[in-house]
Structure formats: structure tokens, C-alpha cells
Amino acid sequence: MAGEPQADCLFCKIVTGDIPATVVRETETTVAFRDINPQAPTHVLVIPKVHYPDAASLAAAEPVITADLLREAGQIALDEKITDHGYRIVFNTGAGAGQTVFHAHAHLLGGRGLQWPPG
Ligand code: 5GP
Ligand code: ZN
């Protein structure tokens, strides 16, 4: 069924605690944890507890949870004090755009200068 945990999904296992992660915030619908290979001083992944392969399919099925995800990213940016210099919220979608984990997730990146376009 849509949204159900997937046995072979790394981020579903982080949601259940079967794989450890450095969790920075958790809500009823979301978990946020530090990226294992950080690309900036702050690099946090915000994920829904439900499993959808990417942000667009999450938004189509669960608009309220998608808003939770964005609100959490904004709150973590405040907590990490990265709002003054600006930060980025990225949803890589598809292997060609660098997506490697097919459980929807927002990258929250900040704490350094960020180039645009990102390349
Ligand atoms: P994607 O490339 O799919 O947009 O992002 C996946 C992210 O997950 C990558 O930035 C990668 O470093 C991170 N990642 C992969 N495996 C793990 C893990 O086991 N723990 C944590 N905390 N992050 C992971
Ligand atoms: Zn999953």
C-alpha cells in the first residue's frame, strides 16, 4: 500500500531505529538527522515517516506531511542559526539529478556560501 514501510529502504530503517542516525528533531510525521557525508557545515536530511519514492509523489499523496517537512526544515535552519547567511532546501529527484535513496527527503544545507546555479 502507498506510504507503507519498504523492507529494503535505508530511510525506513532509520525511521524505525533499525539503522542508527544522529537525529536532530522528530515529530509525529517526520524525522530529521545529520547526513553521513555532509556537504556543508549544516547538512540535515528531513524525511517523512511514510515511504514515498520522491518529494513529488509524497506531495501528491500527503500534502499536509509535505508541509510538515518544509516547516521542520525551516525550524532546524533557525535552530542551527544558518538563516542570516541563507540556506538551501534541495529535493534531488531521479538518479540523473543525484538521488541515491528513493525515500523522499529534503536536504537542508547551510553554514557556508552556496553557489547558484548549483551545477
Ligand atoms: P540523495 O543523493 O538521494 O539526494 O541523498 C541521500 C543522502 O543520504 C546522501 O547525501 C547521503 O550522504 C545520505 N546517506 C546515505 N546513507 C546514509 C546513512 O546511512 N545515514 C545517513 N545519516 N545519511 C546517509
Ligand atoms: Zn522508505
Side-chain angles (χ1 to χ4, degrees):
M1 212 172 88
E4 291 296 307
Q6 300 294 301
D8 59 350
C9 174
L10 174 65
F11 286 177
C12 284
K13 289 179 182 147
I14 286 179
V15 170
T16 56
D18 290 325
I19 289 179
T22 305
V23 173
V24 296
R25 272 177 72 89
E26 182 168 2
T27 69
E28 205 173 303
T29 57
T30 65
V31 185
F33 53 93
R34 298 205 185 274
D35 197 292
I36 204 166
N37 183 24
Q39 301 302 312
T42 292
H43 188 174
V44 171
L45 301 174
V46 191
I47 72 171
K49 289 185 174 176
V50 290
H51 178 96
Y52 286 88
D54 55 41
S57 58
L58 175 71
E62 297 283 2
V64 173
I65 294 176
T66 307
D68 293 343
L69 203 72
L70 289 171
R71 193 173 56 249
E72 280 298 294
Q75 184 58 52
I76 295 161
L78 288 169
D79 294 347
E80 299 269 321
K81 304 190 188 325
I82 59 173
T83 55
D84 281 358
H85 290 289
Y87 61 90
R88 191 166 288 155
I89 298 171
V90 175
F91 294 96
N92 294 329
T93 304
Q99 189 178 5
T100 58
V101 178
F102 290 82
H103 178 129
H105 53 279
H107 293 260
L108 170 66
L109 294 150
R112 65 165 169 82
L114 296 165
Q115 305 302 312
W116 189 261

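Positions are given from 1, in the same order as the sequence printed here. Remember, it's 1-based here, ligands and their atoms both numbered in the order they're listed.
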Suppose we only allow N, O or S atoms; which atom of H51 ends up nearest to the Zn ion (ligand 2)?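 For H51, the N, O or S atom at the smallest distance from the Zn ion (ligand 2) is ND1.
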Report yes if H43 has an N/O atom closer than 3.5 Å to an N/O atom of ligand 1; otherwise report no.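 N/O-N/O distance under 3.5 Å: no.
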For H105, is at least one N or O under 3.5 Å away from an N or O on ligand 1?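 Yes.
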So do [Y] and [X] actually touch side chain to side chain, heavy atoms under 4.5 Å?
X	Y	answer
I76	I82	no
I14	F33	yes
H107	L45	yes

Can you tell me if [X] contacts ligand 1 (heavy atom of the residue under 4.0 Å from the ligand)?
X	result
F11	yes
Q39	no
V101	yes
G98	yes

Please report which non-hydrogen protein atom sits nearest to [atom], along with the residue it belongs to and the distance in Å to one decimal place.
atom	value
atom 22 (N) of ligand 1	R34 O, 2.9 Å
atom 16 (N) of ligand 1	L10 CD2, 3.3 Å
atom 11 (C) of ligand 1	D35 OD1, 3.4 Å
atom 3 (O) of ligand 1	T100 N, 2.7 Å
atom 14 (N) of ligand 1	I36 CG2, 3.8 Å
atom 4 (O) of ligand 1	H107 NE2, 2.8 Å

Count the heavy atoms of every other residue, nucleotide or ligand shown that sit under 6.0 Å from CD of E28, and state whether that count exceeds 12.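 Not buried by this count: 12 neighbours or fewer within 6.0 Å.
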Within the side chain of H103, is there an N or O that forms a donor-acceptor pair under 3.5 Å with the backbone of P48?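 Yes; at least one donor-acceptor contact below 3.5 Å.
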One pair to check against side-chain contact (heavy atoms from CB on, under 4.5 Å): R25 and D79. What are the steps and the verdict? CA-CA 10 Å; R25 272 177 72 89; D79 294 347; 3.8 Å; yes
SG (C9) to the Zn ion (ligand 2) to ND1 (H103): angle, nearest 10 degrees?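 It is 110°, given to the nearest 10°.
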Does a side chain donor of either T29 or D68 reach within less than 3.5 Å of an acceptor in the other side chain?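 There is such a pair between these side chains.
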Quick check: is I65 connected to L70 through a chain of hydrophobic side chains (ILVMFWY, heavy atoms under 4.5 Å apart)?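 Yes, it is one cluster - the side chains of L70 and I65 are joined through contacts under 4.5 Å.
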SB check E80 R34 (cutoff 4.0 Å):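 Here E80 pairs with R34 in a salt bridge, since their nearest N and O are under 4.0 Å apart.
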